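From a predicted model like this one, the values you see are computed outputs, not experimental measurements.
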Amino acid sequence: MEFFCYHRDRPGSLALRDELLEEHWSYMDRYAKELIARGPTFTADGTTPSGSVHIVDLPDLAAARAFAFDEPGHRAGVYRDVLLRRWRNVLGRTMWDFPGGPTEGNRYLVLGFGSGLAADLDVPSGTDELIAYGPLLSDDGTIWLGTAALLRAPDPDTARAVLTADRYAGIEVHDWQFGGRR
C-alpha cells in the first residue's frame, strides 16, 4: 500500500531540525527500498525548511503510522502536524526514475484537498514534468480526499495548474526538492 506523508515544521524548530538531520536520514535509510519520493519543502524565501515529504510503499496502515510517528523529528517536536493519507502511484515510478533528474529547474509539492466528486485521477495530458502524482485517499482507500503531485515547473502558478482548481476546497503549493543521500 502506498502512503503520502507530509510532516509540517513547527515554527521555531529549525535548530532542532538541523540537529536531527543525520538521525532523520539514518531513519529514512531504513526505508530506502520502500520510498517512492522524499524531500523537504521550503518557505517563500526558498531556503528555510517548512516540512518534509515522504511517499512510501508499506504493508498496511499500522506500518505507515509507525513510519510517520516514529520519525526522529516528529518524536522530538520538530513538526506541528502530520498529513498521512493512502496514495496511489499513478506514474508507477519513483522520483529517482524521473527523466528530468534531481536538480534542474524549480520543483514543487502541490496538494489539492478534495471537495465533492473525485477529480484528477488520471495523469494530466501533456505533463512530462511530473515527478510523482496520485490521489490522496481515505485509510481504507475507498474515498478520494484530494491529489498530491511533485513536479518541475517554471513557477508556483504553473505548478498549481496541474490540478483542476474548481474541484478542490483548497490547493497548496510548496517549494520542494529531492531529498536524502541518493
Side-chain angles (χ1 to χ4, degrees), residues 1-11 28 31 34-44 49-71 73-75 78-95 97-98 107-127 129-153 156-179:
M1 290 180 198
E2 296 156 337
F3 294 89
F4 176 88
C5 181
Y6 183 36
H7 292 89
R8 295 175 194 262
D9 286 17
R10 182 175 45 82
M28 290 303 155
Y31 293 93
E34 292 86 5
L35 283 166
I36 296 166
R38 69 185 282 191
T41 58
F42 297 90
T43 60
S50 62
S52 192
V53 173
H54 298 92
I55 303 174
V56 63
D57 190 356
L58 295 169
D60 54 35
L61 182 58
R65 286 184 176 149
F67 169 83
F69 297 110
D70 289 344
E71 189 278 333
H74 181 268
R75 292 171 44 112
V78 170
Y79 308 116
R80 68 177 167 98
D81 61 56
V82 178
L83 173 65
L84 179 64
R85 294 283 183 255
R86 288 276 301 272
W87 188 76
R88 189 172 61 244
N89 187 356
V90 175
L91 299 177
R93 65 175 186 223
T94 71
M95 72 179 200
D97 300 322
F98 173 60
R107 311 301 171 99
Y108 299 96
L109 162 65
V110 180
L111 289 173
F113 299 101
S115 174
L117 298 175
D120 300 321
L121 296 176
D122 299 318
V123 177
S125 61
T127 310
E129 297 296 310
L130 290 173
I131 298 164
Y133 185 88
L136 298 168
L137 304 166
S138 60
D139 288 350
D140 66 2
T142 62
I143 300 170
W144 175 82
L145 302 173
T147 305
L150 298 171
L151 69 151
R152 181 170 62 183
D157 289 336
T158 303
R160 179 183 305 273
V162 74
L163 299 182
T164 308
D166 65 349
R167 299 298 300 276
Y168 295 89
I171 297 175
E172 297 178 3
V173 179
H174 304 271
D175 288 349
W176 173 81
Q177 72 180 23
F178 277 49

Problem set entry | Close side-chain approach of L136 and T147, heavy atoms under 4.5 Å | no

Exercise. Can you tell me how far the CG atom of L151 sits from the CD1 atom of I131, to the nearest 0.5 Å?
Worked result: 6.5 Å

Exercise. Does some side-chain heavy atom of V82 sit less than 4.5 Å from a side-chain heavy atom of Y6?
Worked result: no

Problem set entry | side-chain contact (heavy atoms from CB on, under 4.5 Å) involving A63 - partner list, sequence neighbours excluded | L58, P59, D60

Seminar exercise, completed: Residue set satisfying side-chain contact (heavy atoms from CB on, under 4.5 Å) with Q177, at least two apart, ordered chain then number -> P40, F42

For this session: Sequence neighbours left out, what passes side-chain contact (heavy atoms from CB on, under 4.5 Å) with A161? Give chain and number order.
Result: none

Problem set entry | Test side chain to side chain donor-acceptor pair (under 3.5 Å) applied to R65 - qualifying residues, sequence neighbours left out | D139

Seminar exercise, completed: ring-ring contact (aromatic ring centres under 6.0 Å, His included) filter on F113, not counting sequence neighbours, yields none

Seminar exercise, completed: Correct closest heavy-atom pair for R160 and I171 would be NH1-O, 3.0 Å

Exercise. Atom CG in L83, atom CZ in F4: separation rounded to 0.5 Å?
Worked result: 6.0 Å

For this session: Please tell me if the side chains of C5 and V56 come closer than 4.5 Å, counting only heavy atoms from C-beta onward.
Result: no

Exercise. Can you name the salt bridge (charged side-chain N to carboxylate O under 4.0 Å, His left out) partners of R8, sequence neighbours left out?
Worked result: D81, E172

Exercise. Strictly by modelled atom types, are S50 and T43 linked by a side-chain donor-acceptor pair under 3.5 Å?
Worked result: no

For this session: Name all residues meeting the ring-ring contact (aromatic ring centres under 6.0 Å, His included) criterion together with F178; count only those two or more places apart in sequence or in a different chain, and write none if there are none.
Result: W176

For this session: For R152, enumerate each residue passing the salt bridge (charged side-chain N to carboxylate O under 4.0 Å, His left out) test, keeping only those at least two apart in sequence or located in another chain.
Result: E129

For this session: Would you check if L35 and I55 make a side-chain contact, meaning some heavy-atom pair closer than 4.5 Å?
Result: no

For this session: For I143, check side-chain contact (heavy atoms from CB on, under 4.5 Å) against everything at least two apart and list the hits.
Result: S138, L145

Exercise. At their closest point, which heavy atom of R86 faces which heavy atom of G141, and how far apart are they?
Worked result: NH1-N, 3.6 Å

For this session: Quick one: list whatever passes ring-ring contact (aromatic ring centres under 6.0 Å, His included) with H54, sequence neighbours left out.
Result: H24, F67

Problem set entry | Inter-residue atom distance L130.CG - L91.CG, 0.5 Å rounding | 5.5 Å

For this session: Check E71 against Y79 and note the closest heavy-atom contact, atom names and distance.
Result: OE1-CE1, 2.9 Å

Problem set entry | Counterpart residues, ring-ring contact (aromatic ring centres under 6.0 Å, His included), relative to F3 (two or more places apart) | none

Problem set entry | side-chain hydrogen bond (donor to acceptor under 3.5 Å, both in side chains) contacts in which one or both residues fall within residues 108-122, not counting sequence neighbours | D120-T164, D120-Y168

Exercise. Which value, rounded to the nearest 0.5 Å, describes the distance between T41 atom OG1 and D9 atom CG?
Worked result: 6.5 Å

